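In what follows, chains are A, B, ... by sequence order, proteins preceding strands, each numbered from 1. Because the structure is a prediction, the values reported are computed rather than measured.
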There are 2 protein chains.
Amino acid sequence: MKGIRQLAEHLDISIGTVSRALNGKPDVNEETRRRVLAAAEELGYVANQSGRSLRQGETKVIGLMIESSAEAVENADNFFLGVTSGLQSVFARHKLDLIMLPCPSDEDPHEYLKRIVARRIVDAMIISNMQRIDRRIDLLSRAKIPFVAVGRSLSPGNFPWIDLDFEGVADRAVERLVARGHRRIAITAPSSEVNLGYVFIESYRRALARHGIAFDPSLVIRVKSSEQGGYQAAHELLLLEERPTAVILIYELMAIGLYRRLMETGVVPGRDLAVIGFRDAPRARFLNPSLSCFRMSLYDLGVALGQTLLANVPAYRAFYPDAGRNVVWPLELMPGESDAFEIGTAKRSSSPSG
Amino acid sequence: MKGIRQLAEHLDISIGTVSRALNGKPDVNEETRRRVLAAAEELGYVANQSGRSLRQGETKVIGLMIESSAEAVENADNFFLGVTSGLQSVFARHKLDLIMLPCPSDEDPHEYLKRIVARRIVDAMIISNMQRIDRRIDLLSRAKIPFVAVGRSLSPGNFPWIDLDFEGVADRAVERLVARGHRRIAITAPSSEVNLGYVFIESYRRALARHGIAFDPSLVIRVKSSEQGGYQAAHELLLLEERPTAVILIYELMAIGLYRRLMETGVVPGRDLAVIGFRDAPRARFLNPSLSCFRMSLYDLGVALGQTLLANVPAYRAFYPDAGRNVVWPLELMPGESDAFEIGTAKRSSSPSG
DNA sequence: CCAACATTCGTAAACGTTTACGGAGTGCGT
DNA sequence: ACGCACTCCGTAAACGTTTACGAATGTTGG
């Protein structure tokens, strides 16, 4: 089956009527519509997307931009795959398809997106891995391509985003550790160039301040958010003159490497060092000791992202009247054994400067 | 910038000449070409893909179909992300873009692919997760869409594929374990409906036969290829009346769960039970004891897939004269501590029936 | 019986490109 | 002066759809 023209000839009906019948337009006889649909099914006709896109100016495709950097691969992140199913559950209602756009690791993400946008391959975009200053926001705004970002950015402009509640996590993690007597609490984070690396540490700093604990820069460990990074973090941590009694990991996967290094040196996690993780739980269940972890449902996050996005594209806005434009996504604490101990009261009452 | 028409008017040149200039056609004055390229750059013009696709009948986009099933998400597989970078390194030379097509978990993969194909969104496809009988092969062949499959299938037809060397892995794993005195060797695999689950076990069975060891069905553990599956596998393994002394895992990630369950029951991996893993190494380095593992370079595999695919696309065939059409991809053994011990010679010389 | 309207369908333009074809201009040899 | 080849460029058709417009037919109301 070639195109709508052959289908029309086969039915001995005009091409316009066939199109109207297939697209559910009102002004077509129901009997005719039935015949057309039957013939289309039989001959396996589906409208050519290029022709349709060209005429309508839309592709019915939503893009999800991801990075395929070496680090992303190493992290073996299931984040996007998890979010994908939630997104698709929303898009399916509107017969929208989702494609993932992996930005080559040797290409500038901004240039890559520019090409995708210019080629008009997608109607809307989901972007992530936000930089503190991210030109993609300006690019998409100018091109009038609706989008939603996973994560905030300092770039100007009021754009839709959903961000994880880093502030809440840092706050509650510190709170929880302090309540157990910890005063020297280390934390890991990526470079402060990515927005997350900046925000997380700032929240941590504020949380410490609220408990009257002085901020010690040497307790901020900048490593990659991977197992290897966790190993590295443990290594650096153990070299510190005054060893911390707790550590907050920005990525739960790091715990595997961290545990490994700790074991090597005879330090027992959950007894000698409290550990709190972040972002995903299934993994954490299999660690020993089990990891205390802030988790969320990737599926639900995907649904929210889909709704927020579609609330910003005119054709679907009406379906999502109360989708949030800017959402701080809450995380739930799953307590484990990795921080289930208390520091002696002697240290608890020591001076803040100690 | 709207389209080529505006660009042509701005330059006061005909639209045809602009197109020829941009596409590197020969019959255009070099000075004119320079002007056109400069103006296009300045005004940020990029050809609309729908218009181009419609005219040329090709999209310059290659699709990589992946499954976003719950299990795939849980596995947090970095397989596709890793392959992606290798693929893109090949595609970049031809200015082809790669998109990932996540099949919704509640949709039939065959129907999903049918829709994508009919819409003519991609010029070529990479499919994976092959079923023993996989209708997608017939679908793509009929639609005359070039493709390459990751994995073999029993479906008829001579199609391009690259498959991991399961036979070699089973063979060498058994060989290695037998050399260390093992006779009761368990193995894990997914359902025999997916081709891999069938082939892997058959290879294992043949390898055993070569060493005169009887095949014991109770030693084949059918569990999910995930951490949880590993936990489950260890559980079932420990319940066996005559406990095996070694186990071959089809997916290295399972080792995490397996170790966990073993520890819980006081069985020490690498001393009481030999473990050999499969597919990816970075993780394995952080296990304790370190996992003996058959590994490969995902990047190289991606490159090979890209070349084999393009060798089947007429326009690019000439670039890849000696790309293999059917490749059995070799894996390299990275020895670890998890199987670095020998079984006592007493058992070694026991009767085959024992 | 005619106007007004509803229903159903065909016609043709438009979307943005690429490309076959031919025309205009130039230079060259005869 | 003429034909020829060559270089460069404009014209228009084609790709497969959707959709505004109007035509044809049947129906209703006065």
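- Computed from coordinates, the Asp27(B) CG to dG22(C) P distance equals 15 Å when rounded to whole Å.
- Minimum atom distance to the side chain of Ile4(B) is reached by dT17(C), of the listed dC9(C), dT17(C), dA14(C).
- By the 30° and 60° cut-offs, the orientation of the rings of Tyr316(A) relative to His94(A) is tilted.
- Here Ser50(B) does not reach the OP1 or OP2 of dG16(C): none of its side-chain N or O atoms lies under 4.0 Å away.
- In this structure, of dT19(C), dT17(D), dT8(C), it is dT19(C) that holds the atom nearest to the side chain of Gln56(B).
- At the phosphate of dG16(D), neither OP1 nor OP2 sits under 4.0 Å from any side-chain N or O atom of Arg52(A).
- At whole-Å resolution of the value, CZ in Arg34(B) and C1' in dC8(D) are 17 Å apart.
- For Lys25(A), the listed nucleotide lying nearest its side chain is dT19(D); candidates were dT19(D), dT19(C), dT11(D).
- Considering every non-hydrogen atom in both Phe147(A) and Pro160(A), the closest pair reads O-CG, 3.3 Å.
- As a whole-Å value, the separation of Arg33(B) CZ from dC9(D) P is 10 Å.
- The distance between atom CD of Glu31(B) and atom P of dT7(D), rounded to the nearest whole Å, is 18 Å.
- Checking Ser14(B) against Thr17(B) by side-chain atom types alone, a donor-acceptor pair falls below 3.5 Å.
- Contact annotation: Ser14(A) reaches the phosphate of dG10(C) (side-chain N/O to OP1 or OP2, under 4.0 Å).
- For Leu22(B) and dG16(C), the CG to P distance is 16 Å, given to the nearest whole Å.
- With dG16(D), dC9(C), dC9(D) as the choices, the nucleotide that has an atom nearest any side-chain atom of Val28(B) turns out to be dC9(D).
- Side chains of Asp123(A) and Thr59(A): a donor on one and an acceptor on the other come within 3.5 Å.
- The nucleotide whose nearest atom lies closest to any side-chain atom of Asn29(B) is, among dC8(D), dT17(D), dG10(D), dC8(D).
- For the OP1/OP2 pair of dT18(C) and a distance below 4.0 Å, the side-chain nitrogens and oxygens of Asn23(B) include at least one atom meeting the criterion.
- Between dT17(C) and Ser19(B), no contact under 4.0 Å exists linking OP1 or OP2 to a side-chain N or O.
- Mapping Leu54(B) and Pro26(B) onto DNA chain D by nearest heavy atom places Pro26(B) at the nucleotide closer to the 5' end.
- Between Tyr299(A) and Ser89(A), the side chains place a donor N or O and an acceptor N or O closer than 3.5 Å (distance only, hydrogens not considered).
- For Thr32(B), taking side-chain heavy atoms from C-beta onward, the closest of the listed nucleotides dC9(D), dG10(C), dT18(C) is dC9(D).
- Counting to the nearest Å, the P atom of dC9(D) and the CG atom of Leu11(B) are 12 Å from each other.
- Position along DNA chain D of the nearest nucleotide to Gly16(B) versus Gly51(B) favours Gly16(B) as the more 5'-ward residue.
- Here Asn48(A) lies in heavy-atom contact (under 4.0 Å) with sugar-phosphate atoms only.
- Atom CZ of Arg5(A) is separated from atom P of dT17(D) by 9 Å (rounded to the nearest Å).
- Judged by distance alone, the side chains of His110(A) and Arg136(A) never bring a donor and an acceptor atom under 3.5 Å apart.
- Relative to the side chain of Arg20(B), the nucleotides dG10(D), dT17(C), dT19(D) differ in distance, and dG10(D) lies closest.
- A straight line from CD of Gln49(B) to P of dC15(D) spans 19 Å, rounded to a whole angstrom.
- Within 4.0 Å of Ile15(B), counting heavy atoms only, lies at least one base atom of the nucleic acid.
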